[in-house]
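In what follows, a single structure is set out as structure tokens and then discussed.
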Amino acid sequence: MRVASFNINGIKARLPRLLEWLEETRPSVACLQEIKTQDEGFPASEFEKIGYRAIWHGQKGFNGVAILADGADPVEVQRGLAGEPEDEHSRYIEADVFGVRVACIYLPNGNPQPGPKFDYKLRWMDRLRSRMREIAAEEVPAVVIGDYNVVPNDCDVWSAAAMAPDALMQPASRDAYRRLLHDGWTDALAMHNPQGGIWTFWDYQAGAWQRDHGFRIDHALLSPELADRLAGCGVDKEYRGREKASDHAPVWVALRE
DNA sequence: ATGACTCAATTCTTGAGA
């Protein structure tokens with residue numbers, strides 16, 4: 001089976017591109033971020049027409065996450081993270097599907113930093129870590145996949161110097177990400193590509209795509225029970241170059257049965 | 001260079017993204 005993640009930057013604007021990607025690459029599970037629609041605007045019937053069933057957590061205007069499964073119903077386990085009841089951002093949804101726990105995340109960007117948005121990012125990462133430790137304690141095969149908005153290492157960005165002031169690059173952001181790895185989670189792309197140089201995002205601005213000025217911020221973290229089953233992983237880079245593309249490219253992990 | 005581009009919103013301008 002393959003579990004994929006795609007920050008689509010607006011499901012309404014991206015629907016033709018998204019359906020095309022699903023039909024061409026046919027992931028078993030597809031986790032989406034930045035659907036940017038309220039729950040009632042989610043085009044579930046369009047996905048059912050091509051054999052995918054979904055759960056989603058929307059929000060007006062921005063954020064929003066969804067989990068799609070090929071020929072199966074994702075069984076929702078949780079939406080949102082504990083620890084901050086007043087937080088109304090739709091950034092987390094978790095389900096059991098095909099015998100795997102799948103959590104789809106859209107981690108706060110945190111810019112500008114320093115400031116309240118960066119503080120929120122770090123608090124959100126603490127809350128995520130708490131939930132991931134709970135999942136790890138269940139000792140189930142699990143993947144926490146999505147847009148982490150963290151560049152883990154300097155080899156994961158076209159220019160560490162140019163990006164240094166960004167919230168995605170801050171030591172506090174990177175430390176919080178490393179704590180997840182220290183808890184026993186495996187960064188699938190990093191394990192298979194330790195040399196770096198793999199990007200999942202290219203800004204719309206300043207010809208970033210044409211210049212290959214990208215970075216790696218979409219990650220798949222595997223629990224020990226699932227890391228043993230990792231057969232391969234990759235980035236569907238070509239989709240970033242199509243008409244009306246998202247600024248992210250899809251990432252995926254292939255798992256042995 | 002406080003830029004560049006794109007999306008959503010009862011759109012003609014602003015907030016958000018990264």
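Lettering follows sequence order; numbering is per chain, from 1. Basis for what follows: all heavy atoms, side chains included, without hydrogens, waters or symmetry-related copies.
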Any side-chain heavy-atom pair of Met169(A) and Val157(A) under 4.5 Å: yes
pair Thr25(A)-Tyr239(A): side-chain heavy atoms closer than 4.5 Å: yes
Toward the 5' end of DNA chain B, by each residue's nearest nucleotide, Gly207(A) or Gly10(A): Gly207(A)
Measuring only the [atom1] atom in each nucleotide, how far is [N] from [M]? A whole number of Å is fine.
{"N": "dC12(B)", "M": "dA1(B)", "atom1": "P", "answer": "32 Å"}
{"N": "dA8(B)", "M": "dG3(B)", "atom1": "C1'", "answer": "22 Å"}
{"N": "dG15(B)", "M": "dT10(B)", "atom1": "P", "answer": "14 Å"}
{"N": "dA18(B)", "M": "dT6(B)", "atom1": "P", "answer": "15 Å"}
{"N": "dT11(B)", "M": "dA16(B)", "atom1": "C1'", "answer": "16 Å"}

Per-nucleotide protein contact string for nucleotides 10-18 of chain B, where B marks a base within reach and S marks sugar-phosphate only (heavy atoms under 4.0 Å, - for neither): S-----SSB
Pair Asn149(A)-Tyr106(A), side-chain donor/acceptor within less than 3.5 Å: no
Enclosure of Glu243(A) CD (heavy-atom neighbours >12, cutoff 6.0 Å): no
In residues 226-233 of chain A, what donor-acceptor pairs under 3.5 Å come from side-chain atoms, sequence neighbours left out?
{"residue": "Arg229(A)", "atom": "NE", "partner": "Arg256(A)", "partner atom": "O", "Å": "2.7"}
{"residue": "Arg229(A)", "atom": "NH2", "partner": "Arg256(A)", "partner atom": "O", "Å": "3.2"}

Atom-pair distance (CZ on Arg17(A); P on dT6(B)), nearest Å: 14 Å
Nearest-Å distance for atom pair CD1/C1', residues Ile35(A) and dC7(B): 14 Å
Which atom of Tyr120(A) lies closest to which atom of Arg127(A), heavy atoms considered: CE1-NH1, 4.4 Å
Sugar-phosphate only, base, or nothing, as touched by Ala206(A) at under 4.0 Å among non-hydrogen atoms: base
